[in-house]
Amino acid sequence: MAPELLEARPKAERRVGLPDLEDAVEGKVVLRFAPNPNGPLSFGHARGLVINGAYAERYKGTLILRFDDTDTVVKPPMPEAYDTIQQETEWLLGRPADRVIIASDRIDVYHEHATSMIEQGFGYVCTCSAEAFREFRVTQTECPCRGKSTDEHTTRWQGMLGGAYKPGEAVVRVKTGMDQRNPALRDWPALRLQDTVTNPHPRPEVGSKHQVWPLLDFQSAIEDHLQGVTHIIRGKDLMDSTRKQTLLYEHFGWTYPNTMYWGRVKVHEWGGFSTSAMRKDIESGRYEGWSDPRLPTLSALARRGIQPSALRAFWLELAITQKDISVPLSSLFSHNTKAVDSTAPRLAFVRDAVRMPLTGAPDEATLVRYPDQPDKDPRRHDLTTGHVWIEEEDASMASFRLKDLVDVDRHEDTLIAGAIERQDQRPIVHWTVDASKDATLVLAEDDMLHEISGRLEPHDFPAGTVVQLERIGYAILLEDGRLLMAHE
RNA sequence: GCUUGCGUGGUGUAGUGGCCCAUCAUAAAGGAUUCUCAUUCCUUUGACCCGGGUUCAAAUCCCGGCGCGAGCACCA
């Protein structure tokens with residue numbers, strides 16, 4: 001036998017990163033990320049942006065940012081969110097979306113498709129109550145409206161558009177069949193009425209202009225087709241949406257995009273995240289705003305010093321599986337540590353600082369700012385006041401070393417300087433000079449904000465700089481002069 | 001209830017019939033380097049939900065069970 005036949009087939013390469021997209025042609029891939037602008041983006045949204053964005057980049061395709069703002073009552077849009085979300089997209093991906101679509105600008109387009117659907121007989125206007133239809137759905141019986149003529153439905157549809165019905169009195173349904181095995185798919189609702197006089201759309205250019213609004217499954221389905229979306233990647237809670245929409249596509253004679261799903265993600269420390277719930281808690285004053293560091297919003301993470309690259313690495317690592325997962329925040333933090341460690345200037349923050357006389361020490365100290373580049377921008381401090389600040393806890397030790405300065409022995413409440421060079425294994429502590437300032441370190445933990453007071457080493461870094469507080473962890477300088485802890 | 005999806009170390013993830021006594025990351029423990037309890041490096045611990053079946057061979061296919069999730073809104 002030929003020896004090559006006995007050889008094991010070549011070892012398959014371990015896949016790293018995202019799997020290939022099915023039927024993806026370079027330059028032709030069109031993806032979309034479609035949030036509801038009822039608030040700024042949160043941690044969970046980042047997944048949609050990162051994954052879709054990464055594929056768009058890999059295939060030199062198009063990333064669409066689509067605002068699915070078709071509800072003015074239950075989840076009304078937040079006017080500022082349209083801008084905020086675009087800025088956050090750019091922050092996270094390092095570039096803006098290739099195309100931006102606002103659903104509320106395109107209501108007429110959806111109306112046209114509804115008209116066509118009704119005229120072609122696969123859509124109808126149903127005047128049954130929601131409760132009544134629920135009963136028809138479980139018993140798999142056709143509602144009285146369904147069998148009426150196309151002309152009748154066209155008339156009803158014109159009636160809907162013309163204000164002949166009040167919200168709740170009529171809805172447009174897609175004829176999928178009441179005998180569908182999956183109850184979720186049975187003649188699903190495509191458009192409904194909203195009282196936009198009482199609840200106007202927050203965008204002034206839309207306001208009370210329309211009363212007939214598409215529901216997500218319809219709006220999204222039509223828009224995906226019109227925009228030429230080739231691949232949809234979304235949560236598996238939308239699996240039935242795919243099935244509903246596929247039935248609609250069959251009616252229209254369209255081909256449904258390739259679809260992938262991911263499961264639910266929970267963060268140990270946060271639990272789930274709901275934009276509406278956060279909005280309530282902010283309005284009630286429980287949180288300071290959308291960027292309150294306790295909140296799982298992108299703006300809060302950014303404010304806290306989390307780098308977009310860390311967020312990208314985090315979501316890319318989770319990849320796309322349909323498992324429901326729960327991840328610890330430490331996983332995100334370890335990515336962030338890698339992102340900021342070499343560039344974060346070292347600074348001393350002395351908690352519960354005590355001021356102690358120091359005798360016999362040099363007049364000046366020089367400390368390393370960046371361990372990776374020991375000569376870059378060294379920290380020089382004047383010690384001629386003869387005092388240093390150290391942490392209360394460290395002050396209880398009889399002998400220790402002031403980092404980068406000198407060995408000391410404590411006699412009563414005075415520190416006596418000894419060897420300049422390190423002589424023994426005594427513990428090393430961080431410290432600061434009299435020129436330091438009182439400072440506050442803010443910590444977000446367990447849905448609480450804690451403040452630790454101390455002395456911060458003199459520096460001239462601007463707000464927004466991510467620093468590493470020696471022996472404590474990474475923090476960011478806030479506009480008000482306080483420090484916000486990012487993570488250890 | 002109907003429908004639908006998922007189950008690999010503590011946490012994530014790779015793996016689509018032999019490369020797997022299972023990959024990588026993270027966490028934990030130990031150690032080295034380091035004038036930070038950081039970074040970097042090394043080592044160790046640790047997993048295929050259960051039961052059958054198909055096959056020479058199963059984490060991978062089939063059946064059953066168990067567990068967890070989602071949809072069945074005139075929300076997204």
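Values in this document were obtained by computation on a predicted structure and should not be read as measured data. Just so you know, these numbers use all the heavy atoms, side chains as well, and skip hydrogens, waters and symmetry mates. Numbered from 1 within each chain, the chains take letters A, B, ... in sequence-line order.
- With hydrogens and angles ignored, no donor-acceptor pair under 3.5 angstrom links the side chain of Arg181(A) to the base of rU3(B).
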Q.
For a ring pair (Phe, Tyr, Trp, His ring centres under 6.0 Å) check, start with the C-alpha distance between Phe33(A) and Phe67(A), then their side-chain angles and the critical distance, and finish with the verdict.
A. CA-CA 8 Å; Phe33(A) 170 65; Phe67(A) 293 105; 9.0 Å; no
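- Between the CD atom of Gln425(A) and the C1' atom of rU34(B) there is a distance of 12 Å, given to the nearest Å.
- Nucleotides rG17(B) and rU55(B) place their C1' atoms 9 Å apart, quoted to the nearest Å.
- The residue Pro189(A) sits close only to the backbone: its heavy atoms come under 4.0 Å of sugar-phosphate atoms, none of a base.
- Between Phe43(A) atom CZ and rG12(B) atom P the separation is 13 Å, expressed in whole Å.
- Looking at heavy-atom distances under 4.0 Å, Ser326(A) makes contact with sugar-phosphate atoms alone, never a base.
- Asp179(A) and Arg186(A) are not joined by a salt bridge, as no carboxylate oxygen comes within less than 4.0 angstrom of a charged side-chain nitrogen.
- The CD1 atom of Ile428(A) sits 16 Å away from the P atom of rU39(B) (whole-angstrom rounding).
- Between rU36(B), rG71(B), rC2(B), one nucleotide has an atom nearer to the side chain of Arg186(A) than all others, and that is rC2(B).
- Using atom C1' as the reference point in both rA76(B) and rG67(B), the two lie 29 Å apart (nearest Å).
- For rG9(B), there is no paired nucleotide, since no Watson-Crick or G-U wobble pair has both relevant distances below 3.5 Å.
- Glu470(A) pairs with exactly one of Arg379(A), Arg346(A), Arg351(A), Arg369(A) by the salt bridge (charged side-chain N to carboxylate O under 4.0 Å, His left out) rule, that one being Arg379(A).
- On the P atoms, rU16(B) is 15 Å away from rC21(B), given to the nearest whole Å.
- Rounded to whole Å, the C1' atom of rC6(B) lies 15 Å from the corresponding atom of rU13(B).
- Side-chain atoms of Asn36(A) lie closest to rA76(B) of the nucleotides rA76(B), rU39(B), rG12(B).
- Summarising the geometry, the separation between CG on Asp217(A) and C1' on rA70(B) is reported as 14 Å, rounded to the nearest angstrom.
- Within the 4.0 angstrom heavy-atom criterion, base atoms lie near Arg346(A).
- Applying the 3.5 Å distance criterion, the base of rC35(B) shares no donor-acceptor pair with the side chain of Arg422(A).
- A straight line from CG of Asp240(A) to P of rC2(B) spans 16 Å, rounded to a whole angstrom.
- Considering Arg173(A), Lys244(A), Arg146(A) as possible partners of Asp187(A), the one that fulfils the salt bridge (charged side-chain N to carboxylate O under 4.0 Å, His left out) test is Arg146(A).
- Salt-bridge annotation for Arg401(A) and Asp409(A): absent, with no side-chain N of the basic residue lying under 4.0 Å from a carboxylate O of the acidic one.
- Using P as the reference atom, rA47(B) and rU8(B) are 14 Å apart when rounded to the nearest Å.
- Atom CG of Leu358(A) sits about 6.5 Å away from atom CG of Leu405(A), to the nearest 0.5 Å.
- If you check every strand for non-hydrogen atoms under 4.0 Å, Thr337(A) touches sugar and phosphate atoms only.
- Among the heavy atoms of the strands lying under 4.0 Å from Ile420(A) is at least one base atom, whether or not backbone atoms are also near.
- When distances run from any side-chain atom of Pro183(A) to the nucleotides rC74(B), rU36(B), rC2(B), the shortest one goes to rC2(B).
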Q: For the pair His381(A) and Glu457(A), evaluate side chain to side chain donor-acceptor pair (under 3.5 Å) and give the outcome as yes or no after the intermediate values.
A: CA-CA 9 Å; His381(A) 295 299; Glu457(A) 176 182 339; 2.8 Å; yes
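- The Asp341(A) side chain lies nearest to rU39(B) when the options are rC35(B), rU39(B), rA25(B).
- Rounded to whole angstrom, the span from the NE2 atom of His487(A) across to the C1' atom of rA38(B) amounts to 11 Å.
- Gly263(A) comes within contact range of no nucleotide atom at all, as no heavy-atom separation falls under 4.0 Å.
- Mapping Pro328(A) and Lys338(A) onto RNA chain B by nearest heavy atom places Pro328(A) at the nucleotide closer to the 5' end.
- Separation of the P atoms belonging to rU3(B) and rC19(B) is 38 Å when rounded to the nearest angstrom.
- A close approach under 4.0 Å does occur between a side-chain nitrogen or oxygen of Thr70(A) and OP1 or OP2 of rA76(B).
- Taking the P atoms as reference points, rA28(B) lies 36 Å from rG18(B), given to the whole Å.
- Counting any heavy atom pair closer than 4.0 Å across all strands shown, Thr321(A) reaches sugar-phosphate atoms only and no base atom.
- Each of Asp394(A) and Ser334(A) was assigned the nucleotide of RNA chain B with the nearest heavy atom; the assignment lying further toward the 5' end belongs to Ser334(A).
- Residue contacts shown for Leu216(A) include a base, since a base heavy atom lies under 4.0 Å away.
- The same atom, P, is picked in rG1(B) and in rA57(B); the two are 39 Å apart, to the nearest Å.
- The nucleotide whose nearest atom lies closest to any side-chain atom of Arg243(A) is, among rC35(B), rG5(B), rG69(B), rG5(B).
- Between the side chains of Ser220(A) and Arg66(A), at least one donor N or O lies within less than 3.5 Å of an accepting N or O.
- Within 4.0 Å (heavy atoms only), Tyr474(A) reaches sugar-phosphate atoms of the nucleic acid but no base atom.
- Residue-level contact check: Asp71(A) touches the backbone only, with heavy atoms under 4.0 Å from sugar-phosphate atoms and none from bases.
- The OH atom of Tyr370(A) sits 19 Å away from the C1' atom of rU40(B) (whole-angstrom rounding).
- Contact annotation for Gln468(A): base contact, defined as any heavy-atom pair under 4.0 Å involving a base atom.
- Comparing rC74(B), rC2(B), rG5(B) against the side chain of Lys236(A) picks out rG5(B) as the nearest.
- Taking only distance into account, the side chain of Lys323(A) never meets the base of rC6(B) through a donor-acceptor pair shorter than 3.5 Å.
- Ser220(A) comes within 4.0 angstrom of no nucleic acid atom, judged by non-hydrogen atoms across all strands.
- Between Arg192(A) and rC75(B) there is a side-chain N or O to OP1 or OP2 distance below 4.0 Å.
- As judged by a 4.0 angstrom heavy-atom cut-off over every strand, Leu215(A) is placed among residues touching the sugar-phosphate backbone only.
- Between the CZ atom of Arg379(A) and the P atom of rU36(B) there is a distance of 11 Å, given to the nearest Å.
- Nucleotide rU23(B) forms no Watson-Crick or G-U wobble pair with any nucleotide shown, as no partner meets the under 3.5 Å limit on both distances.
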(Q) Please determine whether side chain to side chain contact (heavy atoms under 4.5 Å, CB included) holds for the pair Tyr110(A) and His113(A), giving the CA-CA distance in whole Å, both sets of side-chain angles, and the decisive distance to 0.1 Å. (A) CA-CA 5 Å; Tyr110(A) 308 132; His113(A) 283 82; 5.7 Å; no
